[in-house]
Structures are given as C-alpha cells and as structure tokens.
Amino acid sequence: MSEEEEPGWEVEPDDEWGVAVIATVGRQLRLRREAVALRAADFAKAVGYSEDMVYKVESGKRIPRPEYLDKADRVLDAGGLLAAMKEDVEKVRYPKKVRALAEVEAKAVELQLYDPLNIHGLLQTPEYARALLLMRRPAYSSEEVERFLSARMARRVIFERDPAPEISFVLEEWTLRRPFGGREVLRRQLEHLLAAGQLRGVELQVMPMDREEHAGLAGGIEVLKFADGSAVGRSPAVVNGRPVEERRHLRILELRYGIIRAQALTPRESTTFIEELLGAT
C-alpha cells in the first residue's frame, strides 16, 4: 500500500478546526514552494513523495506526515517554521471527541476511572486496543481503526505529566482474563498493567468475580477533578451518560466509585492477583 492510499491521513469533513489547520498548512507549504520558484514535481522529488501527494497536501485534502514537514522545512529553507506545525497537524488525526477528552484529561489533577466492559483505554497496549477496535460491529473502516488507535495511544501522555496527576483505576477481573487478540496480546497487556501500577500517582484495583456485592452494576464511572476545585463526571447511570458538573450528580458518582473501590482488592492485593494471572496465561 502506498502512502497515498494508507488510511488515517484524511481530514474528517465535519471537523472544522481540523480542516482549517490542514488548509493553512497546505497554503503555507505552497507559498513557500512558489517563493523559491520550485515546481511541484521537483519539490516532490526532493522530499521523496509523489507529485500527487504534494498537490493533495497543498490543497488541504491530505494530512502531511511529520517527516513530510521536516523534509519540506529543509528543502524550502523555512528555518523550522514548517516543522513547528507538526504538533497541530498530529492532533488533526485524532477524532474531535477524542481531542476534547484528551484536553480535559490534560488539565485534571485527579482521575477516578471504572470501566466494567474493558481494560480502560488509558491502560491499553496498542495490540490490545487494536484487537478491541477490530471487534466493533458494524466494523470500523481501516482508516477509522488507525485514527482511533493513534488517538488512544496519544492520550497516554497523561502518565508523563510533571507533576503527575493522581489516577485511580478499578478493573474487572473478567477483563483481565478474556484473551482479546490472543494469549500473547493478553500477556503483554497484563505486563503493561503491572508496569503502570508502579507509576507515581497510579493505583490499580481489581474487582474479583466472586464478590457478592458490587456497586458498579449501573455502568462505568469517570470523575475528573481540577486544580481550581471544579470537577466533571460521567456515567451511563446519570443523565444518560452526559458530562455533569453539578455537585448533586458528582456526589452520586463519587459515592458509587468509593464503594466500588472499597469492594475491590487493595492495590497491593491487585498487583499480586495480576501477577498470578500473568503466570497462568
């Protein structure tokens, strides 16, 4: 498959910000190229891409790869101005909803997260995440799979923040046992969970299947708290899963999450539990 045909590098038509960014980048590339009197065919040869790709990028129909911008910057002697666009261009690859979620997560100082169906997206390895995306019905297109995968992995920068936020995860035992993608994918996923549990500010707790009481049967829970004392939460059991900021709704989510944590294994017990699962996988 050529890079022109490779999925995941087109702009979503309804993404107004993304369309504007790529149109601006394309216009800057064309103006720089024309300013040095370089034909599209010659420029394409210099950067190692097809002439058709050059026209698609300059017309805002194709998201340029980071290396494309690096090469263009050198060939057009732009002094780093074109290469500096990589950060915004990279964000355009992510769906609008994912970008909005990542922006909120980037501001949170505390996150309380419970997903009853899968290992939480922030904890997924690329192989595990791809396996989940490929199982979706109706099926995602190859382009959608690549876009969602790239976006999900990009959200993991939250673990690299300094100071690190406090993040609490509650994981269902069954999600740690089901071998999505195969046994080797599951092994790497369990190894990744053990490594994540050692990170500063991260606590992992496992909810065993043999618990006779469970406060999370109404669905997943997300509560994000910010430095100014505000918070936002979400759960299918509260206002149909829409984000909420009202204290009365947040109290319900925090109450449920607190009970779920109390019913689950402690972080130390959970580490031992995951190690035993890994040994048996």
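For reference, positions follow the sequence shown, starting with 1.
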- Message: Does the structure place the NZ or CZ of Arg65 under 6.0 Å from the centre of the six-membered ring of Tyr68, at an angle of no more than 45° from the ring's axis?
- Response: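 Not flagged: Arg65 not positioned over aromatic ring of Tyr68.
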Out of curiosity, [X] [atom1] to [Y] [atom2], how far, rounded to the nearest 0.5 Å?
X      : Y      : atom1 : atom2 : result
Asp210 : Glu212 : CG    : CD    : 8.0 Å
Lys56  : Ile63  : NZ    : CD1   : 13.0 Å
Met209 : Thr175 : CE    : OG1   : 9.5 Å
Leu132 : Arg130 : CG    : CZ    : 12.0 Å
Leu190 : Ile274 : CG    : CD1   : 7.0 Å
Glu87  : Leu69  : CD    : CG    : 12.5 Å

Checking [X] side chain against [Y] main chain: does a donor-acceptor pair fall under 3.5 Å?
X      : Y      : answer
Arg234 : Arg242 : no
Glu172 : Pro116 : no
Asp73  : Leu81  : yes
Ser270 : Val206 : yes
Gln189 : Thr125 : yes
Arg32  : Glu34  : no
Asp228 : Ser230 : yes
Arg187 : Thr281 : yes
Gln198 : Ala195 : no
Glu269 : Thr266 : yes

Quick check: closest heavy atoms across [X] and [Y], and the distance to 0.1 Å?
X      : Y      : answer
Leu111 : Glu105 : CD2-CG, 4.2 Å
Gly220 : Pro236 : O-CD, 3.3 Å
Arg152 : Gly121 : CG-O, 3.7 Å
Pro64  : Val89  : O-CG1, 3.4 Å
Arg200 : Ala164 : O-CB, 4.0 Å
Ala108 : Arg161 : O-NH2, 2.8 Å

Sub-4.5 Å side-chain heavy-atom contact between [X] and [Y]:
X      : Y      : value
Leu193 : Leu278 : no
Met207 : His214 : yes
Phe226 : Val232 : yes
Gln124 : Arg156 : no
Pro165 : Ile158 : yes
Arg155 : Leu101 : yes
Val92  : Trp17  : yes
Arg261 : Val170 : yes

- Given salt bridge (charged side-chain N to carboxylate O under 4.0 Å, His left out), test Glu173 with Arg177 step by step and report yes or no. CA-CA 7 Å; Glu173 177 187 342; Arg177 290 185 177 276; 2.6 Å; yes
Hydrophobic clusters here meaning ILVMFWY residues chained together by side-chain heavy-atom distances under 4.5 Å, can you tell me if [X] and [Y] are in one?
X      : Y      : answer
Leu113 : Leu255 : no
Val36  : Leu82  : yes
Tyr55  : Val47  : no
Tyr128 : Leu134 : no
Met153 : Val202 : no

- Message: Under the criterion side chain to side chain contact (heavy atoms under 4.5 Å, CB included), I'd like the reasoning laid out for Leu123 against Leu204: C-alpha separation, chi angles, the key distance, then a yes or no.
- Response: CA-CA 10 Å; Leu123 293 172; Leu204 303 183; 3.8 Å; yes
- Task: Please test Tyr114 against Phe169 for ring pair (Phe, Tyr, Trp, His ring centres under 6.0 Å), starting from the C-alpha separation and ending with a verdict.
- Result: CA-CA 6 Å; Tyr114 166 64; Phe169 296 94; over 10 Å; no
- Stepwise, does the side chain to side chain contact (heavy atoms under 4.5 Å, CB included) test hold for Ile167 with Phe159? CA-CA 9 Å; Ile167 313 179; Phe159 298 111; 3.8 Å; yes
- For side-chain hydrogen bond (donor to acceptor under 3.5 Å, both in side chains), just list the numbers for Gln205 and Glu203, CA-CA rounded to whole Å, side-chain angles, deciding distance to a tenth of an Å, and then say yes or no. CA-CA 7 Å; Gln205 292 182 249; Glu203 284 194 346; over 6 Å; no
Electrostatic pair [X]:[Y] at N-O distance under 4.0 angstrom:
X      : Y      : result
Asp42  : Lys45  : no
Glu254 : Arg247 : yes
Glu51  : Arg39  : no

- Message: Between Glu67 and Tyr49, is the side chain to side chain contact (heavy atoms under 4.5 Å, CB included) condition met? List the steps.
- Response: CA-CA 11 Å; Glu67 55 267 28; Tyr49 287 82; 3.3 Å; yes
- Take Met85 and Asp88 through the side chain to side chain contact (heavy atoms under 4.5 Å, CB included) test and state the conclusion after the steps. CA-CA 6 Å; Met85 298 178 177; Asp88 281 340; 5.9 Å; no
- Which pairs count as ring pair (Phe, Tyr, Trp, His ring centres under 6.0 Å) when at least one residue sits in residues 241-263, sequence neighbours excluded?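 For residues 241-263: none.
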- Task: Report the C-alpha distance between Arg74 and Asp70 in whole Å, list the side-chain angles of each, state the deciding distance to 0.1 Å, and finish with yes or no for salt bridge (charged side-chain N to carboxylate O under 4.0 Å, His left out).
- Result: CA-CA 7 Å; Arg74 291 194 297 271; Asp70 285 333; 5.5 Å; no
- Please step through salt bridge (charged side-chain N to carboxylate O under 4.0 Å, His left out) for the pair Glu246 and Arg251, ending with a clear verdict. CA-CA 9 Å; Glu246 297 86 352; Arg251 279 198 296 269; over 6 Å; no
